[in-house]
Amino acid sequence: MTQDKFKGLEEGRIFPPSEEFRNKALISDVGIYKKADDRLAFWEERAGTLSWFQKWNSVLEWKPPFAKWFNGGKINASYNCLDRHLEGSRRNKPAIIFEGEHGDSFELSYEELHQEVCKFANVLKSMGVQKGEVVTIYMPMIPEAVVAMLACARIGAPHSVVFGGFSAEALRDRINDGGSKVLVTSDAAYRRGKILPIKENVCAALQGVEGIEKVIIVNRTNTKIEIIKGRDFWYHKLMEQASTECPAEKMDAEDMLFILYTSGTTGKPKGVVHTTGGYLTGVATTHEFVFDLKEDDIYWCTADIGWITGHSYLVYGPLTNGSTIVIFEGTPDYPEKDRFWQIVEKYKVTILYTAPTAIRTFMKWGAEYPAKRDLSSLRLLGSVGEPINPEAWTWYHKYIGGERCPIVDTWWQTETGMIMISPLPGVTDLKPGSCTRPFPGVKVEMLDRSGQPVEKGDVGFVAISEPWPAMLRTVYGDDRRFIDTYWSNWPNKYFAGDGAKLDKDGYYWIIGRVDDVINVSGHRIGTAEVESVLVEHHAVAEAACIGKNHEVKGQAIAAFVTLREGFKASEELIAELKSYVSKKIGAIARPDDLYLTDDLPKTRSGKIIRRILKDIAEGRSIGDTTTLADSSTLESLKKLSHN
Ligand code: 7RM
């Protein structure tokens with residue numbers, strides 16, 4: 001890691017909270033950090049804001065690496081997301097505003113959502129689902145997906161949501177690993193004006209699977225599908241007869257709320273296990289504090305429910321807090337490239353939480369799309385999923401936030417369940433590209449390989465050195481893997497797998513996964529570092545770098561670049577970009593190879609699949625592509641592999 005690059009960043013502009021924002025902020029006193037140094041007292045107080053059937057006996061029982069939070073407490077997640085809001089004025093408040101791909105729209109109040117959830121909970125019971133049994137959910141972004149999740153939570157059946165874009169094979173693996181008997185799905189999904197099969201994938205996935213006894217199908221698109229008698233049931237038919245009476249099951253705080261699969265660097269996906277009381281405490285608190293939540297906010301998290309961001313900050317955090325959430329079924333470029341901004345305008349969205357990859361795509365399309373729409377309702381912006389390069393941050397701030405909205409860059413993981421490092425927008429001075437400081441009550445450290453804390457100004461590994469309430473409890477059915485993956489680097493400290501730099505003010509600059517760090521002749525260079533420089537160049541839309549094996553240097557950098565509208569690929573441009581990196585970081589970071597491509601290979605959650613790039617750079621045929629979001633990307637990449 002060269003220091004120059006970061007020096008530049010630290011000297012960059014700082015954005016303190018505006019006086020106006022601070023005056024109205026939920027948290028404007030920096031004393032919150034000190035107060036939360038007594039972690040257990042802080043989290044206990046926060047847990048007290050939830051609705052419990054029975055109080056806990058202990059805040060934390062910690063037998064590393066196994067934690068029990070609020071043990072002995074009785075609680076239900078669905079009750080906290082619904083029932084407790086029915087007493088006062090929230091009863092008629094919209095819980096969900098749904099925007100369908102075709103612009104069709106409706107709202108569900110808390111009362112209505114409660115009724116739907118109770119009905120579906122009864123449906124699940126009538127299908128034989130018992131407390132403790134895993135239910136798999138494989139659905140597009142429609143409100144019924146949220147209903148299904150909350151209905152599971154209501155009866156104490158952990159859900160396993162599988163992203164609707166995953167293949168039949170991926171679905172089958174997850175069904176088998178979770179051991180579900182019941183699957184909730186839809187006939188098909190709308191995507192960019194076309195109809196994508198869902199139930200067809202389910203049928204393919206279920207070939208040779210013994211476990212699934214019942215499939216419940218939401219009719220979203222009126223697509224003709226095969227119905228297998230005795231196994232397949234229409235959601236709407238079952239709902240017609242279901243009662244709206246369904247008391248929420250009194251769950252133990254440590255009962256499993258859900259499993260969510262996440263791919264590791266190798267091998268089969270891990271089923272990350274989250275439980276109930278601590279998870280809800282963590283996501284509700286972070287959602288409220290980080291997003292400076294107000295009663296009348298219209299909150300839009302663009303993540304799919306198939307990812308952890310969808311679980312924690314579309315469903316459980318916001319609904320526990322009684323917010324109004326926007327759920328959008330479609331994509332940002334359909335029917336036009338201003339779709340997001342049209343939605344912000346239509347519903348007067350006040351808080352927008354999205355991903356850097358989306359922001360860079362919007363940059364590529366150009367500022368004229370947001371400029372056409374009224375975005376004045378926005379007051380806070382969020383970012384999650386990968387490091388946001390300062391250029392994208394600044395663009396987001398200017399063209400979406402109108403230079404008035406703070407940006408909360410939130411660092412966390414499927415495993416952490418909740419936001420771990422993030423600004424508090426009424427307190428924190430923002431630095432574009434930094435996720436700033438650990439959340440109150442969260443103990444993050446930056447360690448070197450041997451577990452020694454690094455000095456301010458140095459680079460290290462992100463570690464979490466004290467348990468936190470929304471932490472994963474284990475890998476489903478595999479405690480060994482849980483221990484080996486996360487707890488074997490240093491005694492009793494969680495290894496996040498990310499490298500970062502701690503600046504002189506104690507701010508965190510996430511570099512990326514440590515497996516994305518390239519070692520060129522003994523110099524460590526973060527792929528994100530080179531990428532960040534490349535996207536500062538006016539011709540570049542997106543960039544991804546990998547380390548390819550090199551006889552002399554150990555590794556050499558190969559860069560893959562997509563260009564902004566109006567720029568043409570040429571040898572000159574390739575040479576210019578290489579020199580640009582060299583100039584900005586140093587000759588050591590100059591890419592050996594630089595490919596101009598139409599598309600980068602990404603997963604459905606927008607993470608670049610570097611393995612595919614490595615195959616190309618090292619001249620191999622492209623390996624496993626099952627996690628690729630858009631298979632047409634492959635065509636443009638294949639052209640490169642002959643270079
Ligand atoms: C929430 C989520 C986790 C990995 C994590 C990081 C990267 C996430 C940020 C980030 C820099 C951020 N869960 N990551 N947020 N890097 N700044 N604000 O994405 O399990 O899917 O991914 O994502 O590398 O380890 S995840």
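Hydrogens, waters and symmetry mates are skipped; everything else that's a heavy atom, side chains included, is used. Start at 1 and go down the list; that is how both ligands and their atoms are numbered.
Taking each of M420, H311, M418, E386 in turn, the one with a heavy atom nearest to atom 16 (N) of ligand 1 proves to be E386. Between the choices I510, D498, T414, the shortest heavy-atom distance to atom 24 (O) of ligand 1 belongs to D498.
Side-chain contact between H274 and R473 is absent, with no heavy-atom pair separated by less than 4.5 Å.
Residue D409 has at least one N or O atom closer than 3.5 Å to an N or O atom of ligand 1. The N/O atoms of Q413, backbone and side chain alike, include one that comes under 3.5 Å of an N/O atom in ligand 1.
No side-chain donor from either of T562 and E542 sits under 3.5 Å from a side-chain acceptor of the other.
The environment of R22 atom CZ is dense: over 12 non-hydrogen atoms of other residues, nucleotides or ligands sit within 6.0 angstrom.
A distance of 12.5 Å separates CD1 in I616 from NZ in K548, rounded to the nearest 0.5 Å.
Among all non-hydrogen protein atoms, the one lying nearest atom 21 (O) of ligand 1 is K607 NZ, 3.2 Å. Nearest to atom 15 (N) of ligand 1 among the protein's heavy atoms is G385 N, 3.1 Å. With hydrogens left out, the protein atom closest to atom 3 (C) of ligand 1 is W412 O, 3.6 Å, a heavy atom.
For ligand 1, the atoms lying closer than 4.0 Å to a non-hydrogen atom of T410 are 9 (C), 12 (C), 15 (N), 18 (N).
Between R360 and E531 no salt bridge is recorded (no basic side-chain N to carboxylate O distance below 4.0 Å).
Shown here for V290 and L380, the closest heavy-atom pair between the two residues is O-CD2, 3.8 Å.
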